[in-house]
Amino acid sequence: MSMPSDPDAVFPGRFSDGKTAGSVASEVRLTPRGVAVSLPGTGEPLMWPFAALGVATPLTSKSADVLLTSSFMPGATLFVADRDFVRSVVTRAPQLSAASFGWQAARPWMIAAAIVLLALAASWAVNFSPAKAVARMMPDRLRTTIGEKVIVGMVGTRRECREEAGRAALDRLVARLQSATSAASRFNVRVLDWSLVNAFAVPGEQIVLTRGIIAQAKSADEVAGVLAHEMGHGLELHPESSLVRIIGLSAAFELMMGGGGGTLANVGLLITQLSYTRSAEREADARALLLLQQAGISAAGLAAFFERAGETEKKIGAPDFNVLRTHPQSRERAEAIAARPTYPATPAMSPDDWRALRSICGAKS
Amino acid sequence: VPSDNIYVQPPNIGGTAPPVQGAGPPTAEHEPLHLSWSSPPSMIALCIKNFLLKIVTLGIYGFWGKTEVRRRIWSAARLNGEPLQYTGTGKELFLGFLIVFGVFFLPILLVGMALGVMAGPKSPLLGAFQFVIYVVSFFLIGVAIHRAQRYRLSRTNWRGIRGGLDGNSWSYAWTHFWTGLMIILSLGWASPWRSTKLQGLISNGMRFGDRPFRFAATSGPLYKPFAVLWLCGLAIIVLIGLTIQGLVTYLWMNGLVQLPRAGRPPNAYQMMLLGLAFYGIMILGFLAYGVVSAWYRAKMMNHFAAHTTFENARFIGNATGRSLIWLTITNALMTTLTLGLLAPVAQARSARYLVQRLTIDGSAPLAEIAQRAHDDLKRGEGLAQVFDVDAF
């Protein structure tokens, strides 16, 4: 074995021409022009220039052998099992080293991925929600159909409350708030015979109130406040955006996980996406306050309702007061509402209407 | 290196050309074949690099990382001292995944969600859709296995000569599908027959250059070890059942737990302890089954190897249940405890096990074996990645 600096060093190699699976023993030399391969029984050695060399596996300082290829002789391979040869050839053909390998092939794709990520970050920074953009493109009919199906799933065996006087009173309140919106779409509000204290905005400008939330409210203004808040979600297309986001995130998650563990990821994502984000709640509140102001209804009802919800939140850990789970920062929001300037307001409903609304599900409430 | 060939061919003394088999020219030299393993260098460093890049690129580098790992593992396997060469690329894996994701996975996801929203989560339509998806997926797993093998073999070179896999992925998938149903119908007893059938489809389709591998095994010899496995499995299930029943009865008789009754909430702490106990018993059962099944898998591997030939060479498997269970447990621990960081090391260990436990007995007229046409497979393993059936 010779030192790598020795220009006359001869290394034993196995050469295959790539036409058959045979291989021949050969003498390999490192010359200034490239790797010279002398085959038995032939005169002039084959010359593989350094710049045209390739390897099966990138070379590291620990590589003990090398399988060389040459773009001058496609298919042919030269195997040299000699550390000194490996070290010498990598200094002359740096493209064979591990450092310049691997990453090189992936680079264009990584750059593309980085651009996509940057675009996402930028859109997030300017408060552009891709999910909302898609939601905006959904035709009204589709949004309404989806919303109706969601309601059907939610209702289950529960009854929709339609006592005539209560229904008429609710319609008047909805119309009053509706007139304050510039939106062409009409809100469709229903009350379910359900003891749960909650209100839901579902796709297609549809809102579901529970018997529980009406019973929990101390005044018509509080119901109006909750209703305005849910209308705010609807106007901001939050239910639609949530749906789009669930689908989009599941897809992206699958991509990242390399496709494995799909079902589990979906379940997890669905659970995390069931509530709105803090900023979505703030948007809905902002809309609600404008609606209440333009409809001439005091925002004190909204504030009072959430204040009470906040106190219940403190008193009992996980209450039946389900509204809290979807509206996590009741207290902070109630304070923000209370801090707003006052304006002339009239009660949201007449005493008769309020009484009628309270018995929309029949005599029991 | 054993140079005497006891199989098919008379002893090849002094390296003289043996009598010619088949149509090759009489001058072709038969070279004895032997497998060896040369540990791939710097695997830990590669693991760390891949892991970090995968995190930074949100998983996308994974396809290139996987390719790097395969390059090292392939070139660690030596046939007659010369390395195998992996020629696949990260781009092929990435595009393969993207396409399957786009044409298969995403539409299912979207249709499933749309159905769930439109028809409600309890609708029979959604149930029917899911059933169809399960059946189609079970069928496509067969396609995935065959295509992944084909991709890997077509990207495997030795002395510049490509490997390959002939045969139709869809017919393989069909066999995989209906024999899978037979397993259920036969309470598992179709398993050795099915494994042999499927291995035959793969092994008989395997090519090196223009030459085929041959596989001619019957499942008969596998039935004795399988009967042991099946009975052990049954015994383990019965034991798990009896242990859990005994535990509950004992605790209840001694007033340590109260069985939950209608109208009274169960004691959460007791329920948790009971749950943990059940899990513990189940895990012990799984481990016991794992040990017995490793023993069976080793028998199967040796049986299949013994009936696989290439030219004048046959394979001898030296797998043992003990070494296989050790490999399986250490690899599983290594992978899970490091959150997948050391998964490439585990893969290299599996490959080393395969190479070191396989002996080739015999020779092949290597100088006669000509190059194989390029496989027209442009992208790799999309389905296999979605179904997570790729081993390396």
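In what follows, every chain begins at residue 1, and chains take the letters A, B, ... in the order their sequences are listed. Basis for what follows: all heavy atoms, side chains included, without hydrogens, waters or symmetry-related copies.
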>> Let me confirm one number: the OG1-CH2 distance from A:T77 to B:W158, rounded to the nearest 0.5 Å.
In response: 9.5 Å
>> Once rounded to the nearest 0.5 Å, what's the spacing between atom CG of A:D65 and atom OG of B:S38?
In response: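 If we round to the nearest 0.5 Å, A:D65:CG and B:S38:OG are 5.5 Å apart.
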> Looking at B:K91, B:R162, B:E82, which makes the most heavy-atom pairs under 4.5 Å with chain A?
Replying inline: B:E82
>> Looking at chain A, which one of B:G65, B:P41, B:G209 has the largest number of heavy-atom pairs inside 4.5 Å, strictly under?
In response: B:P41
> What part of B:I161 lies closer than 4.5 angstrom to a heavy atom of chain A: side chain, backbone, both or neither?
Replying inline: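 The side chain, not the backbone.
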>> Heavy-atom cut-off 4.5 Å, strictly under: side chain, backbone, both or neither for B:R372 against chain A?
In response: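 Contact with chain A: none, neither part.
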>> Counting only non-hydrogen atoms closer than 4.5 Å, does A:D17 touch chain B with its backbone (N, CA, C, O), its side chain (CB onward), both, or neither?
In response: neither
> So what's closer than 4.5 Å to chain B heavy atoms on A:S23: side chain, backbone, both or neither?
Replying inline: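 Both backbone and side chain.
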> Where do A:A21 and B:F208 come nearest, in terms of heavy atoms and distance?
Replying inline: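 Answer, listing the atom of A:A21 first, then B:F208: CB-CE2, 3.6 Å.
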> Sub-3.5 Å donor-acceptor pair from the side chain of B:R71 to the main-chain atoms of A:T57, do we have one?
Replying inline: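 No; judged by distance alone, with no hydrogens or angles, the pair does not exist.
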> Does the side chain of B:Q85 come within less than 4.5 Å of A:T69's, by heavy atoms?
Replying inline: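 Sidechains of B:Q85 and A:T69: in contact.
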